[in-house]
Engineer: 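The structure's right below; bear with me while I get my questions together.
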2 protein chains.
Amino acid sequence: MKQYAKMNKTVYEYHKKGCDDMANINDVARKAGVSKSTVSNVFNGKKNVSDEIRQKVFHIADNLGYYPNKLASALTTKRTGLTGLFIDNNSRFRHMDYKLIEGVSRELRKTNKHMILYLQAGKDNDVNAMDINNKLIAEPIDEAIIIAPMVKDIRINELIDMRKPIVIIGQAPNHLLPRVKCLDVDNIQISYEVTKHLLELGHRKIALINSDSNMTISIDRMKGYIKALKEYHIEYNPEYTFNSDNTEEMGQQLGSRILNQLDMTAVITSSDEVASGLYKEAEQCGIAIPKDLSIFALGGTDKQLKPDLCTVYVDYEKLGKQAVTLLSDKEARTNQVIDAYELCIADSIKRII
Amino acid sequence: MKQYAKMNKTVYEYHKKGCDDMANINDVARKAGVSKSTVSNVFNGKKNVSDEIRQKVFHIADNLGYYPNKLASALTTKRTGLTGLFIDNNSRFRHMDYKLIEGVSRELRKTNKHMILYLQAGKDNDVNAMDINNKLIAEPIDEAIIIAPMVKDIRINELIDMRKPIVIIGQAPNHLLPRVKCLDVDNIQISYEVTKHLLELGHRKIALINSDSNMTISIDRMKGYIKALKEYHIEYNPEYTFNSDNTEEMGQQLGSRILNQLDMTAVITSSDEVASGLYKEAEQCGIAIPKDLSIFALGGTDKQLKPDLCTVYVDYEKLGKQAVTLLSDKEARTNQVIDAYELCIADSIKRII
DNA sequence: CTGTTAGCGCATTCAT
DNA sequence: ATGAATGCGCTAACAG
């Protein structure tokens with residue numbers, strides 16, 4: 001059983017304030033017959049302390065159940081050991097989010113840091129959410145990782161105002177770019193490889209359903225797409241490229257517009273959701289996948305489709321880990337690209353002879 | 001643009017310490033011509049402050065970009081506004097974990113609290129994990145929610161030593177019971193309802209594959225199972241009940257032992273994993289589901305099986321929310337049961353005539 | 001190698 | 001209703 005230093009307290013006082021009876025640095029110093037700073041030095045291992053005293057202090061501390069109060073030390077060092085992870089799960093918790101959390105958590109653990117998870121829980125997040133109690137500036141975090149939000153997030157500006165290291169995973173809005181580091185997979189390369197894969201299978205008329213046209217990721221995907229076409233001496237035809245809002249509904253809607261109008265043999269979609277919409281519409285139109293149409297999605301959200309959808313697997317755990325590393329990397333470039341993806345070849349595409 | 005109070009600092013000093021230039025309570029007090037305590041009172045709204053002064057203070061504070069430092073206030077109030085959420089995802093992040101996190105997060109937000117997520121990341125969690133830097137006692141949390149760990153978790157004892165409110169979601173080890181509150185669905189009732197459902201479909205020989213026999217949850221499930229049988233005047237036969245470690249492998253192994261030996265028409269399993277193992281073994285033995293054998297799982301982990309598995313859906317988000325509420329509930333009983341489940345009837349069972 | 005002093009930024013008595 | 005003084009538990013200069 002532990003012995004507490006201030007046992008002269010009344011029972012009432014004891015219950016009144018939870019851990020008020022916890023031994024503090026003074027108690028240890030007094031019992032060990034040394035000064036506060038020596039105790040501090042022992043626990044922080046910064047200055048050299050004689051072995052004899054170190055042992056003594058540790059022994060007494062252990063006896064008293066003492067351990068340095070993080071709050072108090074944070075007040076002077078300005079470091080809390082806490083990293084904020086901001087996830088904008090407006091709609092719902094996505095697969096990538098879980099993996100990111102794990103990656104971040106694992107990497108933080110290596111340096112004894114912990115994570116405060118800030119979820120922007122959809123509907124609860126009304127106007128009042130910006131009230132006085134939600135100022136991020138007051139949050140006890142040393143640094144922040146933000147999962148690229150789909151919608152403009154006013155809170156990012158607050159974080160930047162705090163002048164703390166920030167890493168955005170995914171594409172950062174351009175206006176933030178000099179102020180934050182950002183980390184992503186190589187979307188040009190991914191799009192290039194997917195397109196090339198279809199070309200190698202014999203496809204020549206390949207449509208691309210992109211996300212919003214002014215998003216960086218869409219531009220990148222377009223670049224990769226065009227690059228691959230060029231290698232096969234196919235001229236880029238705007239009639240085969242579309243934009244959508246990345247939802248299943250939009251995918252289906254677009255499908256009804258193009259499936260019967262165009263003569264493409266393959267479609268690349270920006271996400272599994274859009275692909276799922278296409279699947280549905282294709283079924284209604286009597287178009288068989290992959291017999292009549294091949295489909296390859298660029299982003300994976302684990303949609304279970306039949307036939308199995310070709311998609312791109314991104315190692316989000318790796319991204320999460322890398323984000324943590326990047327936070328402390330003073331030399332790193334603002335924009336960092338990481339190799340963390342893999343094409344998942346499944347049953348939604350076929351070879352054309 | 002914000003104005004910072006201590007602009008007389010050199011550029012060097014400015015960059016040296018991140019937010020050192022942040023206005024503090026003294027700056028506000030001075031500029032507003034009031035005392036620190038008045039500013040404090042304004043922001044905490046505890047004591048009455050005249051409207052005139054309140055406005056003035058708010059105005060100045062806004063101008064200076066001032067906001068009370070949570071760290072400093074925590075040091076005196078002993079409250080950080082942080083709740084620890086402990087998840088033992090040794091194997092992997094499970095579906096229930098995501099929902100729990102969301103529930104906890106949503107509920108915390110209502111009272112402006114935040115969450116530190118402590119993941120026990122499997123293999124990284126070696127002996128060193130218990131070193132000096134991992135003492136939970138040093139963590140800046142006011143309270144803790146623990147997702148019932150499968151294995152004995154030494155950290156729980158540490159948490160208890162901290163004398164902070166603790167809620168365990170799921171079944172708590174008995175030896176902790178007086179010290180923590182615990183929250184769960186009614187496992188007796190669930191098992192009862194599932195068994196009864198099968199009985200109503202005409203099944204009479206129903207096997208039960210339980211978890212470890214000394215776990216509370218297993219005992220509860222057994223109770224519900226027997227209760228339902230009794231209502232149908234069927235005597236409990238130990239030969240039809242088994243224990244497993246809840247893995248798919250174990251499910252398959254058990255299956256190979258019993259599928260051809262026993263004449264039951266239905267099996268209730270402790271988890272989707274075990275059910276999955278049974279599926280595999282059944283296929284090998286040429287036993288069709290549900291034609292030859294009906295299967296009902298008691299716990300859902302979103303295993304995608306064909307035919308669709310009958311399972312029990314638990315509303316983990318609700319459990320998470322309730323856990324947060326329970327933390328602050330001084331009157332609540334140690335053991336709390338919550339209504340948050342639903343039987344999911346699918347294709348893995350059939351009516352017997 | 002060790003001790004002394006002085007804050008960190010705030011909430012909280014207790015005066016006025 | 002407002003202010004002055006004190007301390008939360010610790011680290012960081014600086015002295016010795």
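Residue numbers start from 1 in every chain, and the chains themselves are labelled A, B, ... in the order their sequence lines are given, proteins ahead of strands. Computed from a predicted model, the values in this text were never measured in an experiment.
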Engineer: Could you tell me which residues satisfy salt bridge (charged side-chain N to carboxylate O under 4.0 Å, His left out) with Glu143(B), sequence neighbours excluded, listed by chain and number?
Structural biologist: Lys113(B)
Engineer: Do the side chain of Ser37(B) and the base of dA4(D) come within less than 3.5 angstrom through a donor-acceptor pair of N or O atoms?
Structural biologist: yes
Engineer: Would a distance-only check, ignoring hydrogens and angles, find a side-chain to backbone donor-acceptor pair under 3.5 Å from Arg79(B) to Ala74(B)?
Structural biologist: no
Engineer: Going by distance alone, is a donor N or O of one side chain under 3.5 Å from an acceptor N or O of the other, for Asn44(A) and Ser40(A)?
Structural biologist: yes
Engineer: Measure NZ/Lys36(A) against P/dA6(C) and give the value in whole Å, please.
Structural biologist: 12 Å
Engineer: Does atom CZ of Arg54(A) have more than 12 heavy-atom neighbours from other groups under 6.0 Å away?
Structural biologist: yes
Engineer: I need the minimum non-hydrogen distance between Leu326(A) and Cys182(A), along with the two atoms involved.
Structural biologist: CD2-O, 4.4 Å
Engineer: Using a 4.0 Å heavy-atom cut-off, does Asn44(A) contact any base of the nucleic acid, only the sugar-phosphate backbone, or nothing at all?
Structural biologist: sugar-phosphate
Engineer: Would one find a side-chain N or O of Ser40(B) under 4.0 angstrom from OP1 or OP2 of dA11(C)?
Structural biologist: yes
Engineer: Ignoring the backbone of Ser35(B), work out which of dG9(D), dA6(C), dG3(D) is nearest its side chain.
Structural biologist: dG3(D)
Engineer: Heavy atoms under 4.0 Å, any strand shown: does Ile53(B) hit a base, just sugar-phosphate, or nothing?
Structural biologist: sugar-phosphate
Engineer: To the nearest Å, give me how far apart OH (Tyr67(B)) and C1' (dG9(C)) are.
Structural biologist: 15 Å
Engineer: What does Ser73(A) touch in the nucleic acid at a heavy-atom separation under 4.0 angstrom: a base, only the sugar-phosphate, or nothing?
Structural biologist: sugar-phosphate
Engineer: Taking the side chain from Asp142(A) and the backbone from Thr83(A), do they hold a donor-acceptor pair closer than 3.5 Å?
Structural biologist: no
Engineer: Let me spell it out: for each of Val49(A) and Asn69(B), pick the nucleotide of DNA chain C with the closest heavy atom. Which residue's pick is nearer the 5' end?
Structural biologist: Val49(A)
Engineer: State whether Thr76(B) places a side-chain N or O below 4.0 Å from either non-bridging phosphate oxygen (OP1 or OP2) of dC10(C).
Structural biologist: no
Engineer: Can you tell me how far C1' of dC8(D) sits from NZ of Lys70(A), to the nearest Å?
Structural biologist: 19 Å
Engineer: What nucleotide, of dC8(D), dC10(C), dG3(C), holds the atom closest to the side chain of Tyr66(B)?
Structural biologist: dC10(C)
Engineer: dT11(D) C1' sits how many Å from Leu71(A) CG, rounded?
Structural biologist: 14 Å
Engineer: Does the side chain of Glu139(B) pick up a donor-acceptor pair with the side chain of Tyr118(B) at under 3.5 Å?
Structural biologist: yes
Engineer: Tell me if a side-chain donor or acceptor on Asn41(A) pairs with a main-chain N or O of Ser37(A) at a distance below 3.5 Å.
Structural biologist: yes
Engineer: When all nucleic acid strands are considered with a 4.0 Å heavy-atom cut-off, which category describes Ser50(A): base, sugar-phosphate, or nothing?
Structural biologist: sugar-phosphate
Engineer: For the pair made of CG in Leu75(A) and P in dG7(D), what is the distance, rounded to whole Å?
Structural biologist: 17 Å
Engineer: In a check of side-chain contact (heavy atoms from CB on, under 4.5 Å) between Phe86(B) and each of Ile166(B), Ile145(B), Leu136(B), Ile169(B), which one passes?
Structural biologist: Leu136(B)
Engineer: Between atom CG in Asp27(B) and atom P in dC8(C), what is the gap in whole Å?
Structural biologist: 10 Å
Engineer: Give a yes/no answer on whether the side chain of Asn24(A) brings an N or O atom under 4.0 Å of OP1 or OP2 in dG9(D).
Structural biologist: yes
Engineer: Separation of Asn41(B) atom CG from dA1(D) atom C1', in whole Å?
Structural biologist: 9 Å
Engineer: Output yes when a side-chain donor or acceptor of Arg30(B) lies under 3.5 Å from a complementary backbone atom of Ile25(B), and no otherwise.
Structural biologist: no
Engineer: Less than 6.0 Å separating the ring centroids of Phe43(A) and Tyr66(A)?
Structural biologist: yes
Engineer: Roughly how many Å is it from CZ in Arg30(A) to C1' in dG3(C), rounded to a whole number?
Structural biologist: 16 Å
Engineer: Looking at Lys78(A), does any N or O in its side chain come under 4.0 Å of the phosphate oxygens OP1/OP2 on dG9(C)?
Structural biologist: yes
Engineer: Please write out the pairs of protein N or O atoms and N or O atoms of nucleotides 14-16 of chain D separated by less than 3.5 Å, giving the distance to one decimal.
Structural biologist:
{"residue": "dC14(D)", "atom": "N4", "partner": "Lys47(A)", "partner atom": "NZ", "Å": "2.8"}

Engineer: What does Val39(B) touch in the nucleic acid at a heavy-atom separation under 4.0 angstrom: a base, only the sugar-phosphate, or nothing?
Structural biologist: nothing
Engineer: With each end axis built from five pairs of C1' atoms, what bend angle do you get for the helix from dC1(C)-dG16(D) to dT16(C)-dA1(D)? Round to 10°.
Structural biologist: 30°
Engineer: Reckon Thr38(A) has a side-chain N or O less than 4.0 Å from the OP1 or OP2 of dG3(C)?
Structural biologist: yes
